[in-house]
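Before any comments, here is the structure.
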Amino acid sequence: MVLYNFKKIQVVPGNKEFIDIVLTRTQRKTPTVIHSKLPISRIRSFYMRKVKFTQSTFHDKLTQILEDFPKIDDIHPFYSALINVLYDKDHYKLALGQLNTVRNLIDNLSRDYVRMLKFGQNMFQCKQLKRAAMGRMCTLMRQQGHTLGYLEEVRKHLSRLPSIDPTTRTLLVCGYPNVGKSSFMNKVTRAECQVEPYAFTTKSLFVGHMDYRYIRWQVIDTPGILDHPLEQRNTIEMQAITAMAHLQCAVLYFIDLSEECGFSLEQQLDLFDNIKPVFMNKPLLIVANKIDRRTLDEIDPSLRARIDSLVSENKATLIPMSNFSEEGVMDVKKTACDQLLAMRVEGKHRSNKVSSIQNRVTITMPKPRDNKVREATIPDSVRRRREAAAAERAARGVTA
């Protein structure tokens with residue numbers, strides 16, 4: 001189940017559209033004609049209703065925007081970090097805070113002008129107070145043009161984000177660009193990731209789904225990562241780092257043995273050393289891809305020794321694979337899923353929930369009722385049918 005559905009966020013209108021919507025609704029939903037010969041109490045209530053309705057419409061529209069957008073501190077750390085990477089958390093919070101401030105200012109303005117309208121002496125004075133109140137409200141909204149534009153761009157981008165469930169069973173594919181991550185994704189899932197012979201074809205997180213042991217699994221294809229300090233990584237690379245840091249998943253680190261990706265095997269191993277802190281407490285597989293071009297036995301002995309040392313130090317599993325010949329693809333899938341399942345089951349065993357359930361569960365083992373051996377039997381009708389079929393094949397000279 002997806003925790004957050006960002007596609008349901010309503011469109012954020014621009015400042016001019018926002019004002020037009022509110023004023024049009026006020027004109028349509030409230031009386032439009034008042035006569036000066038009516039009692040002053042009727043005139044006051046007429047203009048007070050206009051001001052209150054305008055304030056209520058502004059309040060409801062702004063509240064809808066503030067409630068639709070996710071709160072950084074209330075959502076899963078993965079989405080919180082992803083929003084920080086993509087949109088800058090401080091700018092995002094500042095934009096929502098400005099709309100909240102405008103909403104409170106409009107409420108205070110309405111309260112003050114309604115109080116003054118209660119003491120209006122004539123129709124002209126009441127009308128001028130109403131114009132001043134609505135004019136100041138519209139001025140406040142007109143000043144929020146950049147804020148509303150920024151939130152609309154964020155909404156568009158959020159609606160295009162993949163629906164990632166941070167709590168479900170997840171396989172995360174990472175490594176240098178062009179090492180075969182997207183091709184593997186296309187092999188094991190129903191996704192259709194773009195595969196091209198140049199770097200950074202994948203520029204954002206892609207999600208695919210597959211079934212293993214009658215369970216639905218989530219596979220995430222991450223953009224390629226280059227080997228440089230964390231502060232020098234761009235937005236595309238930081239999406240992959242964010243996913244590895246905050247998702248409880250099995251990590252598949254791909255290396256290209258043929259070095260056709262444009263990066264040497266030594267560089268790929270250096271990147272592994274650089275980002276291995278985010279692999280802590282996660283099942284880790286090092287996938288040696290493109291063995292159809294070059295096998296593990298054909299690489300330099302010093303590099304092979306370094307790969308073996310990385311596998312032993314990080315308690316990882318080394319699996320050779322080829323997307324082209326599909327050799328080892330199912331082994332990678334099976335091993336990663338089995339290791340992640342074992343880790344999740346072990347974690348549930350350590351929790352308090354399991355002990356409370358085990359006290360109420362009784363496992364019954366069947367016991368034999370006697371010592372008689374009961375072998376499998378084939379009914380006579382089935383045996384005769386098989387013999388007849390065998391005789392017919394023998395007559396035709398066809399072997400079974």
Do the non-hydrogen side-chain atoms of [X] and [Y] ever get within less than 4.5 Å of each other?
{"X": "F206", "Y": "P223", "value": "no"}
{"X": "M210", "Y": "V219", "value": "yes"}
{"X": "D211", "Y": "W217", "value": "no"}
{"X": "D221", "Y": "K181", "value": "yes"}
{"X": "F46", "Y": "L38", "value": "no"}
{"X": "I43", "Y": "H35", "value": "no"}
{"X": "C337", "Y": "L171", "value": "yes"}
{"X": "K276", "Y": "F279", "value": "yes"}

Does one hydrophobic cluster hold both [X] and [Y], with members joined at side-chain heavy-atom distances below 4.5 Å?
{"X": "Y87", "Y": "V11", "answer": "no"}
{"X": "V102", "Y": "F53", "answer": "no"}
{"X": "L86", "Y": "F69", "answer": "yes"}
{"X": "L105", "Y": "L99", "answer": "yes"}
{"X": "V188", "Y": "I215", "answer": "yes"}

Donor-acceptor pair, side chain of [X] and main chain of [Y], under 3.5 angstrom:
{"X": "K89", "Y": "V85", "value": "no"}
{"X": "K334", "Y": "Y212", "value": "no"}
{"X": "T30", "Y": "T26", "value": "yes"}
{"X": "R294", "Y": "L257", "value": "yes"}
{"X": "Q267", "Y": "S264", "value": "yes"}
{"X": "T170", "Y": "T168", "value": "yes"}
{"X": "N234", "Y": "E237", "value": "yes"}
{"X": "S80", "Y": "P77", "value": "no"}
{"X": "T189", "Y": "N186", "value": "no"}
{"X": "R103", "Y": "D60", "value": "no"}

Assess the side chains of [X] and [Y]: does a donor N or O sit below 3.5 Å from an acceptor N or O?
{"X": "T317", "Y": "Q339", "result": "yes"}
{"X": "D68", "Y": "Q64", "result": "yes"}
{"X": "D256", "Y": "N289", "result": "no"}
{"X": "D292", "Y": "S322", "result": "yes"}
{"X": "S182", "Y": "T202", "result": "yes"}

From [X] atom [atom1] to [Y] atom [atom2], the distance as rounded to the nearest 0.5 Å:
{"X": "D270", "Y": "H228", "atom1": "CG", "atom2": "NE2", "value": "13.5 Å"}
{"X": "L252", "Y": "L172", "atom1": "CG", "atom2": "CG", "value": "8.5 Å"}
{"X": "Q144", "Y": "L62", "atom1": "CD", "atom2": "CG", "value": "9.0 Å"}
{"X": "L285", "Y": "L318", "atom1": "CG", "atom2": "CG", "value": "9.0 Å"}

I255 vs E259, side-chain contact (heavy atoms from CB on, under 4.5 Å): CA-CA, chis, key distance, verdict:
CA-CA 9 Å; I255 57 176; E259 301 182 350; over 6 Å; no

Heavy atoms of other groups near [X] [atom1], more than 12 under 6.0 Å:
{"X": "E375", "atom1": "CD", "value": "no"}
{"X": "D370", "atom1": "CG", "value": "yes"}
{"X": "H146", "atom1": "NE2", "value": "no"}
{"X": "R42", "atom1": "CZ", "value": "no"}
{"X": "E298", "atom1": "CD", "value": "yes"}
{"X": "K61", "atom1": "NZ", "value": "no"}
{"X": "E266", "atom1": "CD", "value": "no"}
{"X": "R293", "atom1": "CZ", "value": "no"}

Heavy-atom closest pair, residues [X] and [Y]:
{"X": "S163", "Y": "Q218", "value": "O-OE1, 4.0 Å"}
{"X": "R383", "Y": "D380", "value": "NH1-OD1, 2.9 Å"}
{"X": "M321", "Y": "V329", "value": "CG-N, 3.7 Å"}
{"X": "C249", "Y": "L340", "value": "C-CD1, 3.9 Å"}
{"X": "P162", "Y": "L205", "value": "CG-O, 3.3 Å"}
{"X": "T222", "Y": "C174", "value": "OG1-CA, 3.5 Å"}

Would K156 and E153 satisfy salt bridge (Lys or Arg N to Asp or Glu O under 4.0 Å), going step by step from the backbone distance to the final call?
CA-CA 5 Å; K156 290 178 182 177; E153 291 301 318; 3.7 Å; yes

[X] bridged to [Y] by N-O distance under 4.0 Å:
{"X": "R304", "Y": "D308", "answer": "yes"}
{"X": "D165", "Y": "R169", "answer": "no"}
{"X": "D88", "Y": "K93", "answer": "no"}
{"X": "R306", "Y": "D273", "answer": "yes"}
{"X": "E152", "Y": "R155", "answer": "yes"}

Show me the donor-acceptor pairs within less than 3.5 Å that the side chains of residues 126-136 make with the rest of the protein, sequence neighbours left out.
| from | atom 1 | to | atom 2 | distance (Å) |
| --- | --- | --- | --- | --- |
| R136 | NH1 | Y113 | OH | 3.3 |

Going by the angle between their ring planes, with limits at 30° and 60°, are F272 and Y253 parallel, tilted or perpendicular?
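If you compare the ring of F272 with that of Y253, the planes turn out perpendicular.
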
Parallel, tilted or perpendicular: which describes the rings of F6 and Y79, with under 30° parallel and over 60° perpendicular?
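F6 and Y79: perpendicular rings.
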
Supply the members, apart from V382, of the Ile/Leu/Val/Met/Phe/Trp/Tyr cluster built from side-chain contacts under 4.5 Å; use none for a lone residue.
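Once heavy-atom contacts under 4.5 Å are chained together, V382 belongs with I378.
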
Decide yes or no on side-chain contact (heavy atoms from CB on, under 4.5 Å) for D227 and Y176, but give the supporting numbers first.
CA-CA 8 Å; D227 185 19; Y176 259 98; 3.2 Å; yes

Begin with the C-alpha distance, continue with both residues' side-chain angles, and end with the deciding distance and a verdict on side-chain contact (heavy atoms from CB on, under 4.5 Å) for I65 and Q10.
CA-CA 7 Å; I65 293 173; Q10 295 185 5; over 6 Å; no

Test of understanding: with side-chain hydrogen bond (donor to acceptor under 3.5 Å, both in side chains), list the residues that count as partners of Q268, not counting sequence neighbours.
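So Q268 forms no side-chain hydrogen bond (donor to acceptor under 3.5 Å, both in side chains) with any residue.
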
Walk me through it: do M137 and T54 pass the test side-chain contact (heavy atoms from CB on, under 4.5 Å)?
CA-CA 9 Å; M137 292 180 195; T54 304; 3.8 Å; yes

